[in-house]
Amino acid sequence: MAIHNSVGRWGEKVAVEHLITQGYAIVETNWRMGHLEIDIIATKGNRIIFVEVKTRSSEDYDPLEAIDNKKKNHMVRSAHNYVIAKDIPYEVQYDIITIVGDEHDYRLEHIPDAFIPSVVTRR
């Protein structure tokens, strides 16, 4: 496994542990449907939360820079397909968790309700 993959898997594990301590119930991790993927799917109250986790081993790059509009649109499409496929009756929320460091010393930032999807119309 490439180093960046093991760092990412470690970050997702840390993110899951963090969410549990915050009262989230983990529904799925690394959910995939074709090319669509969600790192963590959780519930809390009357919401289903789709969580993107970005992990970096150093401060050289801000992990939030990797979550651009293209990534957000990908999250929204993935979440929409999940909600439809599973007939989910909850409100949808998008969270972002960034982790910088390693297992001995890291900084975690959790941004609940990080963005509201844009309304897209097609002609």
Side-chain angles (χ1 to χ4, degrees):
M1 177 185 310
I3 290 172
H4 71 277
N5 289 339
S6 63
V7 169
R9 292 208 195 297
W10 167 77
E12 289 175 8
K13 180 181 173 192
V14 170
V16 163
E17 292 168 2
H18 168 77
L19 290 169
I20 290 169
T21 66
Q22 298 302 305
Y24 289 67
I26 305 303
V27 177
E28 298 199 44
T29 58
N30 297 308
W31 175 83
R32 294 182 184 278
M33 176 187 273
H35 71 282
L36 301 174
E37 188 252 342
I38 297 285
D39 293 334
I40 301 170
I41 302 171
T43 59
K44 186 173 184 181
N46 66 342
R47 291 183 169 218
I48 185 158
I49 299 100
F50 296 91
V51 183
E52 177 67 19
V53 180
K54 289 296 178 193
T55 307
R56 300 291 182 260
S57 57
S58 75
E59 300 267 350
D60 293 344
Y61 301 100
D62 181 356
L64 283 176
E65 290 178 3
I67 304 175
D68 56 11
N69 284 336
K70 182 177 178 181
K71 181 61 184 173
K72 289 176 187 175
N73 288 334
H74 182 84
M75 283 182 70
V76 170
R77 280 194 311 275
S78 301
H80 175 77
N81 282 323
Y82 184 88
V83 167
I84 296 299
K86 304 283 186 173
D87 195 27
I88 304 293
Y90 301 127
E91 293 179 40
V92 174
Q93 175 176 314
Y94 301 93
D95 287 14
I96 296 172
I97 294 179
T98 62
I99 301 166
V100 178
D102 61 38
E103 62 187 79
H104 304 291
D105 182 29
Y106 63 87
R107 179 178 43 86
L108 181 147
E109 181 180 4
H110 179 192
I111 307 168
D113 220 358
F115 67 91
I116 298 171
S118 302
V119 175
V120 177
T121 59
R122 300 196 191 269
R123 293 179 187 211

- Examine distances only and state if a side-chain atom of Lys71 and a backbone atom of Glu52 form a donor-acceptor pair shorter than 3.5 Å. no

For the residue pair [X] and [Y], what are the closest heavy atoms and their distance?
X      : Y     : value
Thr55  : Gly11 : OG1-CA, 3.2 Å
Ile26  : Ala42 : CD1-CB, 4.1 Å
Asp113 : Arg47 : OD2-NH1, 3.4 Å
Pro117 : Tyr94 : CG-CE1, 3.4 Å
Trp31  : Ile41 : CB-CD1, 3.7 Å
Ile40  : Glu12 : CD1-O, 4.0 Å

Are there more than 12 heavy atoms of other residues, nucleotides or ligands under 6.0 Å from atom [atom1] of [X]?
X      : atom1 : answer
Ile20  : CD1   : yes
Lys13  : NZ    : no
Phe115 : CZ    : yes
Asp68  : CG    : yes

- Query: Any chance the side chains of Asn46 and Glu91 put a donor and an acceptor closer than 3.5 Å?
  - Reply: yes

Spell out, yes or no, whether [X] and [Y] are grouped together once hydrophobic residues are joined by side-chain heavy atoms under 4.5 Å, including indirect joins.
X      : Y      : result
Tyr106 : Ile96  : no
Ile88  : Val92  : yes
Val76  : Ile48  : yes
Val100 : Leu108 : no
Val27  : Val83  : yes

- Carefully, step by step, assess Asp39 and Ile97 under the rule side-chain contact (heavy atoms from CB on, under 4.5 Å). CA-CA 10 Å; Asp39 293 334; Ile97 294 179; over 6 Å; no

Distance in Å, [X] [atom1] paired with [Y] [atom2], rounded so as to fall on 0.5 Å steps:
X     : Y     : atom1 : atom2 : value
Glu28 : Phe50 : CD    : CZ    : 9.5 Å
Lys54 : Leu64 : NZ    : CG    : 10.5 Å
Ile38 : Arg77 : CD1   : CZ    : 10.5 Å
Asn30 : Arg9  : CG    : CZ    : 6.0 Å
Arg32 : Tyr82 : CZ    : OH    : 15.0 Å
Ile67 : Met75 : CD1   : CE    : 7.0 Å

- Query: Do His110 and Val51 have side-chain heavy atoms sitting under 4.5 Å apart?
  - Reply: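 Side-chain contact under 4.5 Å: no.
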
